[in-house]
Amino acid sequence: MRPLSEVLQDWEAIIGLEIHTELTTLETKMFCGCKLSHDDEPNANVCPICLGMPGALPVPNEKAIESIVMAGIATNCEVMRRSMFYRKHYFYPDMAKNFQTTQGPVAFVMHGHLDLEVSGDGARERPEGAIEKAPDGSYVAPIRILRIHMEEDAAKMNHLGGAEGRIGGATESLIDYNRCGTPLIELVTEPDLRTPEEARLFMEKLRQIFLTLGISDCSLEHGSMRCDGNVSLRRRGTRELGTKSELKNLNSFKSLHDALAYEICRQAEVLESGGIVLQETRHWEPSRKRTVVMRVKETADDYRMYPDPDLVPFDLSDEFVERCRARVPELPDAKRSRYVSAWGLKPYDAARIAGEPAMASLFEAAAQAVDTSEVPMVANVVVNLVFGREDLMPRQVAGLARLLAGDAITFAQARELVELVAGTDRDPEKTADERGLRQSTDVQALADIVETVLQTCDDQVRQYRAGNKKVVGFLVGQCMKASHGNGNPKLFHQLLTQRLES
Ligand code: ADP
Ligand code: MG
Ligand code: ZN
């Protein structure tokens, strides 16, 4: 197969995503009072409603509807004042009622959009001029959202006895109804995405927004956020859409990107050899880096959708919508801009921190405890030393930043300090003193290290004198190593330059 960059010169990829998110942070299920939980005994949280017993009547979860309206507001959707639940019929043991309660043509929220900022390598994937690119190649792609609707999740099936990782071949299937009836929101995009990188960025951005809203734990790994990718190709310059295939099992950002990239190249090969793309559902196999057919779509499924007579239509009041709007916190894009303008953070650091609510609160609390001039160093510590960790307190992060900003410790020492204070209430400044973790500014000691290093680096010395001044970076690295990370890199740089220029 030809590489993606080459394929995308001739073909335009058309991508649309369908993203399911379980509202895991709620207490109870969508239509009954059963507890939502991840790790209880199988079938511990069930009742006549979520087991689909005849005559059991559903009662909608108001908090779930608040969550979906917040999700809609945060993605620039219109809140539909009247919508209703439908029954979507199918037979499968994971849904005892034999229908899923979902929404019909009108969803709670519709017609939104998210703007993607694409830069770096990702920007190179989109070759055409339809979108205006900045001089550095970066661009903004507006992606329309068709709708976000509410539905309920099915039970979990465990298939036993089959060969591992294979579909089919199981000898026994067990059903756990704990998940059945979990509130689920499904977002459907318009087919506006054009590259695997854009698809990945969209999913990342959505995850950051939902995390910030606090409506889900958004774990791709544990399946609380799941994505299906639809993709087709058309010749550059043509308008008509081609036949799409639908990709399943995209349970990481990497899988989402790689599966789409593979599928684009596969479809190009089929089309270039005179074949046709079939409308099929394909399964991504990460270990073999390919997609395989799960099923071919022959006729439209007939789900016999009709309004659920047990659930009356929803007329959302202004008051309800305004209450939801008031509960939408500052979103990642706004946070990022504020970090850059108020504190002068580097855009990259600002975006990383603003995208993870736990890191944003750690950063903001630590920033309160230092001088304004030291705030960018707090960001540096959060992004490069403690990102994703939950075992550090804001005042410890502030302490680390102060030590680094004052040139009292090196980055290697800061790393060591993180391990010493994490999970305790120890103070980094005191700990640094107790352990003698202070960066050495003893000029004579450092000059001695410089001499030793220069003696073993004849090559680099010659290169430097021949005009390649960049090797000094390598030499600083050698000196840092020789000082076991305790020397001051700026001093090493000065001393080395002095010696080499003399
Ligand atoms: P289906 O009826 O097969 O589920 P939908 O019209 O509901 O198809 O669309 C599902 C998803 O596929 C949406 O995200 C949509 O943007 C996308 N999509 C629709 N047509 C195409 C196409 N020709 N190529 C790529 N994606 C498409
Ligand atoms: Mg569909
Ligand atoms: Zn129940």
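Every number for a ligand or one of its atoms is a count from 1 in the order of the listing. Counting begins at 1 with the first residue of the sequence.
Salt bridge absent: D94 and R179 never bring a charged side-chain N and a carboxylate O closer than 4.0 Å. Ion pairing between a basic and an acidic side chain is recognised when a charged N comes within 4.0 Å of a carboxylate O; R325 and E322 show such pairing. The residues E269 and R2 are annotated as not salt-bridged, no charged nitrogen and carboxylate oxygen being separated by less than 4.0 angstrom. Between D333 and K205, at least one side-chain nitrogen of the basic residue sits less than 4.0 Å from a carboxylate oxygen of the acidic one, meeting the salt-bridge criterion. A salt bridge links R126 with E198; the closest basic N to acidic carboxylate O contact falls under 4.0 Å.
Atoms of ligand 1 lying under 4.0 Å from at least one heavy atom of L241, given by number and element, are 23 (N). Against a heavy-atom cut-off of under 4.0 Å, S232 is close to the following atoms of ligand 1: 22 (C), 23 (N), 24 (N), 25 (C). Ligand 1 places these atoms under 4.0 Å from at least one heavy atom of E190: 16 (O). Atoms of ligand 1 lying under 4.0 Å from any heavy atom of L17, numbered from 1 in the order shown and given with element: 14 (O). The ligand atoms of ligand 1 that sit less than 4.0 angstrom from a heavy atom of V188 are 13 (C), 14 (O).
For the Zn ion (ligand 3), the neighbouring protein N/O/S atoms at less than 2.8 Å, given as residue and atom, are C32 SG, C34 SG, C47 SG, C50 SG.
For atom 15 (C) of ligand 1, the candidate residues are L233, T189, D228; the nearest heavy-atom contact is made by T189. The option with the heavy atom closest to atom 3 (O) of ligand 1, from among R147, K244, E246, is K244. Closest to atom 23 (N) of ligand 1 by heavy atom, among P191, S245, G242, is G242.
Ring geometry for W284 against Y262 counts as tilted: the plane angle lies between 30° and 60°, on a 0 to 90° scale.
Applying the ring-ring contact (aromatic ring centres under 6.0 Å, His included) definition to pairs two or more places apart or across chains, those involving residues 5-31 are F31-F85. Sequence neighbours left out, not one pair with a member in residues 43-73 passes ring-ring contact (aromatic ring centres under 6.0 Å, His included).
Side-chain contact of T102 with E151: a donor-acceptor pair under 3.5 Å is present, judged by distance alone.
Not counting sequence neighbours, the partners of H89 by the ring pair (Phe, Tyr, Trp, His ring centres under 6.0 Å) test are F99, Y306.
For E18, no nitrogen or oxygen atom sits less than 3.5 Å from a nitrogen or oxygen atom of ligand 1, counting backbone and side chain alike.
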